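All remarks here apply to the structure that follows.
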Amino acid sequence: NAGVTQTPKFRVLKTGQSMTLLCAQDMNHEYMYWYRQDPGMGLRLIHYSVGEGTTAKGEVPDGYNVSRLKKQNFLLGLESAAPSQTSVYFCASSWNGTATRSGANVLTFGAGSRLTVL
Amino acid sequence: AQSVTQLGSHVSVSEGALVLLRCNYSSSVPPYLFWYVQYPNQGLQLLLKYTTGATLVKGINGFEAEFKKSETSFHLTKPSAHMSDAAEYFCAVRPYGGSQGNLIFGKGTKLSVKP
């Protein structure tokens, strides 16, 4: 029962390099999200998706792009990495359901991807 | 804009003592409320949630939280701390009418438990 899997777990980039973080979930969840976590800042939503082929901006989308070509995968891309993007990135997924459904509104998180941009 | 305030970035208690982690939100309409826990080098996992109904919510590992509308609070408590409770705790709200996953997180409270 894998849940949400993120790859890679660690990555070091030089300023200006590009990379893609992959998130995969095996729970058939409709919604998927990318958050970043910085010390003393909590979690901030970067982008999210409510279904295959759809994406939307969150609180801090600048410098990132996303794609949801398959329901189970959600990719986060950095086209030109900057030191300000040094962070721990978390992917999460959830059901698209009403509040009466037991799993509604509950996010399942991956273990995180630690990115350092030099 | 909605906001979540967690009082105290670090809380230290002795093993067996009461745990109280504070969370206040700003909203004119009661939102959905959550507490998540993050153990070192892991992702977040749900402790408990309040959506509707009973205002005292019980979660995993002996934690509970009470929604108090008049105080716009959702404080997390546990009667007796255990060493395994050492972790970072995040309060989160989903604004009323907001999309799932568009949670607003507090900045977190790191709980230390002394033997």
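Heavy atoms only: backbone and side chains are in, while hydrogens, waters and symmetry mates are out. Not measured: the values here are computed from a predicted model. Chain A is the first sequence line, chain B the second, and so forth, proteins listed ahead of strands; every chain is numbered from 1.
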Problem set entry | Contact winner vs chain B - A/A92, A/G40, A/S93, A/C91, heavy-atom pairs under 4.5 Å | A/G40

Problem set entry | Counterpart residues, ring-ring contact (aromatic ring centres under 6.0 Å, His included), relative to A/F90 (two or more places apart) | none

Exercise. Side chain, backbone, both or neither: which part of B/L44 has an atom under 4.5 Å from a heavy atom of chain A?
Worked result: both

Exercise. Parallel under 30°, tilted from 30 to 60°, perpendicular over 60°: which one fits the rings of B/F74 and B/Y50?
Worked result: tilted

Problem set entry | Atom group of B/Q38 that falls short of 4.5 Å from chain A, counting heavy atoms | side chain

Exercise. Out of A/W95, A/F74, A/F109, which residue meets the ring-ring contact (aromatic ring centres under 6.0 Å, His included) rule with A/H29?
Worked result: A/W95

Exercise. Excluding sequence neighbours, so at least two apart, what forms ring-ring contact (aromatic ring centres under 6.0 Å, His included) with B/H75?
Worked result: none

For this session: Check whether A/Q37 gets within reach of chain B through its side chain, its backbone, both or neither, counting any heavy atom under 4.5 Å.
Result: side chain

